[in-house]
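For reference, the structure discussed in these notes is given below.
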Amino acid sequence: MKVSLLFPPTWHPSQPYLSLPSLTGFLHQGGVKNVSQRDLGIELLDQLLTRSFGAEVHEQLLAKQRELERGTTGELGPGSREHAAKIAESLDRFPYLIDRVELAKETLRSEAFYDLDAYRGSLFMIDKWLELVSSVYFPTRLTVVDNQFSNYSIYSSKDLMKVIRDEAQNPYISLFRDKFIPSIVNDRPDLIGVSITATSQIIPGLTLCRLIKEAAPDLHITIGGSIFTRLVDNIRRCPSLFDITDDIVVFEGETALLELVNQMAGKKDFSKVPNLIYRQNGKITVNQPFYSENVNQLPAPNYDGFPLGKYLSPEPVLPVQFSRGCYYKDCAFCALTLDHQNFRQKDPGRTIEELEWLKQRYGAQYFFFTDECFALAPTKRLCQQMTERKLDIKWTCEMRFEKNLSRELLTSMRDAGCLKIVFGLESFNQRIMDFMKKGIKQEWVRRIADDCVDLGIAVHCYIIVGFPTEKEEEALETMNFIVENKKLHESFGFSCQPCLFDLEKEAPIMSDPGGYGIRRIMRPSAEDLSLGFFYEVQEGMTPDESEKLYQHVYERVSEVVCELPFNYSMADGLLYIAHEKAQTGRSEEHTSELQSQSTISYAVFCLKKK
């Protein structure tokens with residue numbers, strides 16, 4: 001059996017995503033050796049950022065200008081006077097941008113990446129180039145990390161079936177048809193797996209499936225990814241999806257994909273494939289119960305075939321896993337726990353072996369643990385073994401502000417190469433913390449944040465504005481903890497991402513909305529694939545008031561946070577922190593000296609961005 005695994009645009013261009021390498025490693029372990037994997041997102045971006053592609057774009061811009069000169073339709077939208085003005089503006093900018101876009105790409109892959117002005121300038125140049133490319137398909141807008149199809153909703157199956165066929169507004173149709181479909185189809189795989197894990201991949205991913213099906217109807221296409229895990233009930237009522245894919249794998253995909261390959265090579269009894277949703281004789285079937293992997297039987301992720309040199313960073317930052325699921329899983333707002341159903345911890349020794357193998361095979365020195373939350377006792381054992389084995393790597397992970405997260409453990413993490421910890425703070429107001437069921441206290445947050453800064457471990461905080469019943473002064477207390485805490489926000493590598501509360505499908509709050517002060521829930525009528533809901537509250541800020549305050553909080557936090565690179569990319573931020581430590585020659589054993597130097601250096605660093 002020949003398997004082709006594809007990761008469609010758009011994902012962050014600094015690092016690969018973990019899904020395909022995990023599947024590839026498992027298939028190899030299961031005896032399926034003929035597996036290819038491609039990150040089409042970075043392959044496409046690499047091609048878009050070239051002079052040769054620029055020549056194609058220039059011809060498209062001229063053709064679109066001639067078309068619009070023959071007549072426009074209205075003032076706004078596609079084919080309008082607004083569109084004509086956008087094309088004229090793009091043609092004016094073209095000579096300047098075409099001379100600089102390849103340099104911008106190569107800058108991010110070189111040591112010049114660590115020059116903040118060059119880094120920011122390159123990202124700006126690439127964004128403006130993608131805006132120019134997008135103007136042919138106006139009002140669609142491509143960015144480095146996202147795409148915006150303003151006339152279509154990604155949560156409506158009706159809209160999705162339209163946009164994947166809309167040649168005028170969907171640039172991926174021609175891009176995929178010209179650059180990818182021939183090589184994918186001519187490879188003649190028995191099964192094609194398409195990983196769609198982020199909302200930014202929905203339209204490109206489904207467009208890819210549609211084009212493959214039309215070019216080679218006999219090829220078996222399987223879609224997987226966390227997006228569809230949250231939509232199991234919706235998919236039952238969405239037969240149009242199965243016009244462009246043969247089946248969909250939900251929840252964890254390793255055993256499911258291996259069994260699917262085995263069934264395709266044998267009896268084709270798809271009822272034996274765990275976690276599979278498929279249509280047979282006009283009926284959509286969901287195979288249950290859903291299966292969870294034994295994480296201690298999973299192999300290391302296999303990145304063979306991924307173009308690690310094409311990512312927009314000077315060093316590869318590889319995602320890895322130490323556990324699946326969340327050991328706490330009581331936060332009222334969080335739907336992430338659904339993806340992995342239950343918490344499973346990998347043996348620290350096995351993780352060390354994986355890291356050593358990845359380091360040796362790919363020359364990787366930097367790792368991004370994708371775990372939802374590191375548990376304390378296993379983290380202690382992991383760090384002890386990292387230090388004993390002299391692993392000499394740099395890494396980042398996510399943790400909770402736990403009472404028992406001690407300075408001793410943080411010191412052990414630092415000594416093992418941890419450069420940054422991502423925390424879900426959400427709120428610094430104790431009532432809201434308790435109402436969210438965060439299980440943390442203000443004093444623990446202050447102590448742990450101070451300990452991290454003292455030890456030279458960078459901190460990231462996620463915060464939420466507008467949790468049901470939250471009052472303005474309570475949200476501002478959270479904001480002020482960040483903006484008034486100079487020790488924290490002036491520490492090198494600090495970042496903070498404010499988020500507006502969303503009432504998400506499958507979040508624990510949905511089991512008792514009235515108990516959380518929600519008076520009424522409205523399901524978007526036209527959005528049959530919606531991941532969230534509109535709502536009204538009994539007290540506290542309304543959703544509209546929360547959104548207004550969120551804008552204020554975002555602006556105030558942005559004044560004290562170094563957005564680029566630290567809020568933009570955890571992977572880029574990890575590289576910047578490692579580079580800063582290496583350049584200054586700081587000794588991590590002299591933490592007081594580290595802190596005083598870090599504060600001065602960081603102030604100068606962020607002044608440059610302003």
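On a predicted model such as this, the values are computed, not experimentally measured, just so you know.
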| request: Using a 4.5 Å cut-off on heavy atoms from C-beta on, say whether the side chain of D392 contacts that of K359. | output: yes
| query | Does a side-chain heavy-atom distance below 4.5 Å link D347 with F322? | reply | no
| task | Please determine if R400 forms a cation-pi arrangement with Y328, meaning its NZ or CZ atom is less than 6.0 Å from the six-membered ring centre and no more than 45° off the ring axis. | result | yes
| Non-hydrogen atoms of P8 and Q201 that approach each other most closely | O-NE2, 2.9 Å
| task | Among Y119, F492, Y114, find the one that has a ring pair (Phe, Tyr, Trp, His ring centres under 6.0 Å) with H579. | result | Y114
Show me the side-chain donor-acceptor pairs of residues 377-388 shorter than 3.5 Å, one per line, residues at least two apart or across chains.
{"unit_1": "T379", "atom_1": "OG1", "unit_2": "A375", "atom_2": "O", "d": "2.5"}
{"unit_1": "T387", "atom_1": "OG1", "unit_2": "C383", "atom_2": "O", "d": "3.0"}

| Parallel, tilted or perpendicular: rings of F467 and F501 (30°, 60°) | perpendicular
| query | Would you call E353 and R350 a salt bridge, taking side-chain N to carboxylate O under 4.0 Å as the test? | reply | no
| query | Do you know the tightest heavy-atom contact between W357 and P301? | reply | CZ3-O, 3.4 Å
| field | R414 bridged to D451 by N-O distance under 4.0 Å | value | no
| message | Would you compute the distance between atom OG1 of T229 and atom CD of Q341 and round it to the nearest 0.5 angstrom? | response | 8.5 Å
| task | Taking the side chain as every heavy atom from C-beta outward, state whether L419 and K581 have any atom pair closer than 4.5 Å. | result | yes
| Audit row: F566, F494, ring pair (Phe, Tyr, Trp, His ring centres under 6.0 Å) steps and yes/no | CA-CA 7 Å; F566 301 116; F494 174 74; 9.5 Å; no
| task | Count the heavy atoms of every other residue, nucleotide or ligand shown that sit under 6.0 Å from NZ of K437, and state whether that count exceeds 12. | result | no
| request: To the nearest 0.5 Å, tell me how far S226 OG sits from H340 NE2. | output: 8.0 Å
| message | So E426 and Y462, do their side chains get closer than 4.5 Å, heavy atoms only? | response | yes
| note | The reported gap from NZ in K487 to CG in D454 (rounded to nearest 0.5 angstrom) is 3.5 Å
| Are any of the side-chain heavy atoms of L336 and C331 separated by less than 4.5 Å? | no
| query | Nearest 0.5 Å, what's the CD-NE2 distance between E472 and H552? | reply | 8.0 Å
| field | Pairwise side-chain contact, V317 with M570, heavy-atom cut-off 4.5 Å (strictly under) | value | no
| For the residue pair Q442 and N429, what are the closest heavy atoms and their distance? | NE2-CA, 4.2 Å
| query | Are N302 and Q37 side-chain neighbours, meaning at least one heavy-atom pair lies under 4.5 Å? | reply | yes
| Are the aromatic ring centres of W395 and Y366 under 6.0 angstrom apart? | no
| task | Scan residues 6-19 for pairs that pass side-chain hydrogen bond (donor to acceptor under 3.5 Å, both in side chains), counting only residues two or more places apart or in two chains. | result | T10-N147, T10-Y172, H12-S14, S14-D572, S19-S195
| query | Does a side-chain N-to-carboxylate-O contact under 4.0 Å join R389 and E356? | reply | yes
| query | Is the shortest side-chain N to carboxylate O distance from E477 to K471 below 4.0 Å? | reply | no
| said: If the threshold is 4.0 Å, N to carboxylate O, is there a salt bridge linking R141 and D146? | reply: no
| Should the pair Y550 and Y554 be assigned to parallel (<30°), tilted (30 to 60°) or perpendicular (>60°) ring geometry? | tilted
| query | With a 4.0 Å cut-off, would you call R446 and E443 a salt bridge? | reply | no
| Sidechain N-carboxylate O distance under 4.0 Å for D304, R361 | yes
| field | Any side-chain heavy-atom pair of L318 and F368 under 4.5 Å | value | no
| Nearest heavy-atom neighbours spanning A507 and F333 | CB-O, 3.6 Å
| query | Is it true that R324 and E254 make a salt bridge, defined as a side-chain N closer than 4.0 Å to a carboxylate O? | reply | yes
| Heavy atoms of other groups near E408 CD, more than 12 under 6.0 Å | no
| field | Rounded distance [0.5 Å steps], SG in C397 versus CD in E372 | value | 13.5 Å
| query | Is K548 salt-bridged to E545, cutoff N-O under 4.0 Å? | reply | no
| field | Nearest-0.5 Å distance that lies between atom CD in E293 and atom CG in L298 | value | 5.5 Å
